[in-house]
Amino acid sequence: RVLGELMVLKGLAAKLRVQSLELGGSKMILAFAAKTTLSPEKLTALVVAEPQSYRLTPDMRLRCELKGNDSEVMEAAKAILLDLFACVTR
């Protein structure tokens with residue numbers, strides 16, 4: 001089941017042009033490709049609005065804090081990836 005959920009996360013991440021997704025413990029780290037479709041302005045606004053949940057590093061890695069047991073962490077990670085679609089430039 002966990003493997004299936006991880007594959008869903010990786011599929012969503014690929015659509016956002018995430019170069020790598022690291023998931024462990026209470027955090028998820030996303031590294032964005034140079035040609036990501038995410039708007040830097042919208043992504044920055046998200047980080048500023050929720051600094052307790054998100055941190056953006058200078059090398060364009062988004063660190064997301066996750067809470068809960070394994071199942072809740074997977075659901076939280078999926079929700080974050082789905083929320084990031086609102087940051088996609090059209």
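Heavy atoms only: backbone and side chains are in, while hydrogens, waters and symmetry mates are out. Just so you know, these numbers come straight off a predicted model, no measurement behind them. Quick note: residue numbers are just sequence positions, from 1.
Between Phe85 and Lys15, some side-chain heavy-atom pair lies under the 4.5 Å cut-off. Residues Ile80 and Leu66 are in side-chain contact: their nearest non-hydrogen atoms beyond the backbone lie under 4.5 Å apart. The shortest side-chain heavy-atom distance between Leu43 and Met60 falls under the 4.5 Å cut-off.
Atoms NZ and CD, from Lys27 and Glu65 in turn, are 8.0 Å apart once rounded to the nearest 0.5 Å. To the nearest 0.5 Å, atom CZ of residue Arg63 and atom CG of residue Leu30 are 12.0 Å apart. To the nearest 0.5 Å, atom OG of residue Ser53 and atom NZ of residue Lys67 are 6.0 Å apart. Taken from CG in Leu12 to CE in Met7, the straight-line distance is 11.5 Å, to the nearest 0.5 Å. Taking CG of Leu81 as the start and CE of Met28 as the end, the distance is 4.5 Å to the nearest 0.5 Å. In this structure, CZ on Phe32 lies 5.0 Å from CG on Leu62, to the nearest 0.5 angstrom.
Counting only N and O atoms by type, the side chains of Asp59 and Thr57 include a donor and acceptor under 3.5 Å apart.
Listed for the Thr37 side chain is no donor-acceptor partner under 3.5 Å among the backbone atoms of Val88. Formation of a donor-acceptor pair under 3.5 Å by the Glu72 side chain with backbone atoms of Asn69 is found in this model.
Nearest heavy atoms, Val8 versus Lys78: CG1-CE, 4.3 Å. The minimum heavy-atom distance linking Met74 with Leu6 is given by the pair CE-N, 3.6 Å. Taking each heavy atom of Val18 and Ser20 in turn, the nearest pair found is CG1-O, 3.0 Å. In this structure, Thr36 and Leu16 approach most closely via the heavy-atom pair OG1-O, 3.1 Å.
With hydrophobic clusters built from ILVMFWY side chains whose heavy atoms lie under 4.5 angstrom apart, Leu21 does not share a cluster with Ile29.
For Glu22, the salt bridge (charged side-chain N to carboxylate O under 4.0 Å, His left out) partners two or more places apart in sequence, or in a different chain, are Arg61.
The 12-atom threshold is exceeded at CG of Asp83, counting heavy atoms of other residues, nucleotides or ligands nearer than 6.0 Å.
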